[in-house]
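Okay, so here's the structure we're looking at.
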Amino acid sequence: MHPLLEVKNISSSYGNKLAINDVSVNLEKGEIGCLLGPSGCGKTTLLRTIAGFKDIVSGDILIEGRRVAAEAFSVSPEERGVGMVFQDYALFPHLNVQENVAFGLKHMKRSEKKRRVGDLLSVIGLEQVKHKYPHELSGGEQQRIALARSLAPRPRLLLLDEPFSNLDVNMRELLSMEVRKIIKQQNTTGLVVTHNQHEAFAMADKIGVISCGRMLQWDSAYNLYHRPCGSMVASFVGEGVLLPGRVLDDHLVECGLAVLKGRFSSSCPVGAMTDILIRPEDVVHEDESPLRAVVVHKTFRGPNIIYTLCLSSGDAVLALFPSHYRHEIGEEIGIRPEVKDIVLFKRDHEELRRPQEVNPKSMLHNESECHYNV
Ligand code: ATP
């Protein structure tokens with residue numbers, strides 16, 4: 001059995017500038033993938049190459065084992081069996097809901113078409129608005145109609161380009177879980193572009209982090225968060241800091257927080273200088289602990305508060321405590337590190353990102369501008 005989608009080392013360019021550079025993606029039938037990355041990194045271009053709206057300059061794209069794109073070769077979008085949902089819904093304003101959903105079903109018999117539209121409206125929970133026009137519906141409802149319209153012809157693969165970006169935060173989260181359920185229920189395969197990692201976590205079986213046209217890591221959400229392949233991925237997925245450290249032996253590394261003992265994510269020679277990824281949940285609150293830190297910043301998040309703490313080494317860490325622990329800025333508190341899997345990166349970066357209040361040495365580093373030329 002072939003994977004449903006195989007994108008093999010493709011590159012695509014605008015003029016002489018590569019927008020996608022040697023990218024690979026794999027999806028099995030029924031899986032949902034998400035493409036995550038900063039603005040301009042190439043997410044939409046990648047989606048468009050898969051849909052057939054953009055040519056590739058090298059590599060191969062296969063859908064169910066059939067080559068649909070290669071250098072100087074492209075199967076037309078209509079022949080790829082791919083559906084697409086855009087961020088602006090793109091519903092036809094002069095057609096009502098059921099006519100919009102039926103749009104791609106021209107080849108079907110009337111009774112069959114009616115059944116398919118009815119089934120999809122029931123799946124998205126909007127049977128009651130079938131006679132309404134797009135302007136009479138909320139953004140969330142319009143997006144669900146757009147999804148139903150794309151699913152109606154039973155595409156093998158559904159591509160969604162920032163489908164929730166016009167919706168408010170609560171609606172985004174709700175709809176991303178709903179869309180996952182609907183895609184799974186329809187037994188199709190999905191690839192979703194998003195800026196938002198919470199959406200990606202809610203929807204995806206696999207997530208790809210793209211930066212400057214390159215796929216940095218294509219992996220499960222768990223691995224991206226706990227086993228990021230580099231500091232770029234670590235900084236893009238979740239929160240945390242990189243603390244400078246030194247390897248003492250196979251399981252021991254020292255840094256401004258403590259001497260940490262655990263499994264290393266990658267092997268590092270004894271004595272090597274490294275950056276150690278410390279996530280906010282790796283720092284536990286413990287009043288009696290001899291390890292002290294000063295609160296320099298805090299952000300209330302409802303059930304918990306994220307604190308920026310300054311260590312005696314001058315380094316800063318983030319700590320996530322339940323919000324019933326209330327500490328003031330300037331207060332000294334007791335903490336304990338609880339790091340089981342120790343993620344280490346070779347020290348190789350210059351640019352560092354940080355909130356204003358903390359030591360510039362320690363925060364995860366920022367995306368930097370980059371261009372690749374063909
Ligand atoms: P966003 O999240 O902002 O939508 P993106 O990750 O989807 O961005 P793309 O739209 O794929 O990024 O763009 C990738 C790069 O290609 C960017 O540098 C962009 O400026 C460039 N680009 C996109 N479309 C064109 C075009 N039609 N002509 C020339 N350059 C383009």
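Whatever order the structure lists them in is the order used to number ligands and atoms, beginning at 1.
Few gaps surround CZ on Arg292; more than 12 heavy atoms of other groups in view lie less than 6.0 Å from it. Enclosure of atom NZ in Lys184 by more than 12 non-hydrogen atoms of other residues, nucleotides or ligands within 6.0 angstrom is indicated.
Between Tyr307 and His327, a ring centre-to-centre spacing shorter than 6.0 Å is recorded.
Residue pairs that meet the side chain to side chain donor-acceptor pair (under 3.5 Å) test with at least one member in residues 104-126, sequence neighbours left out, are Arg116-Gln186.
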Take Leu46 and Val23, measure what side chain to side chain contact (heavy atoms under 4.5 Å, CB included) needs, and give me the verdict at the end.
CA-CA 9 Å; Leu46 176 55; Val23 164; 3.9 Å; yes
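Ionic pairing of Asp205 and Arg180 is present here: one or more N-O contacts between side-chain nitrogen and carboxylate oxygen are shorter than 4.0 angstrom.
The 4.0 Å heavy-atom shell around ligand 1 contains residues Tyr14, Lys17, Ala19, Pro38, Ser39, Gly40, Cys41, Gly42, Lys43, Thr44, Thr45, Glu162, His195, ordered by chain and number.
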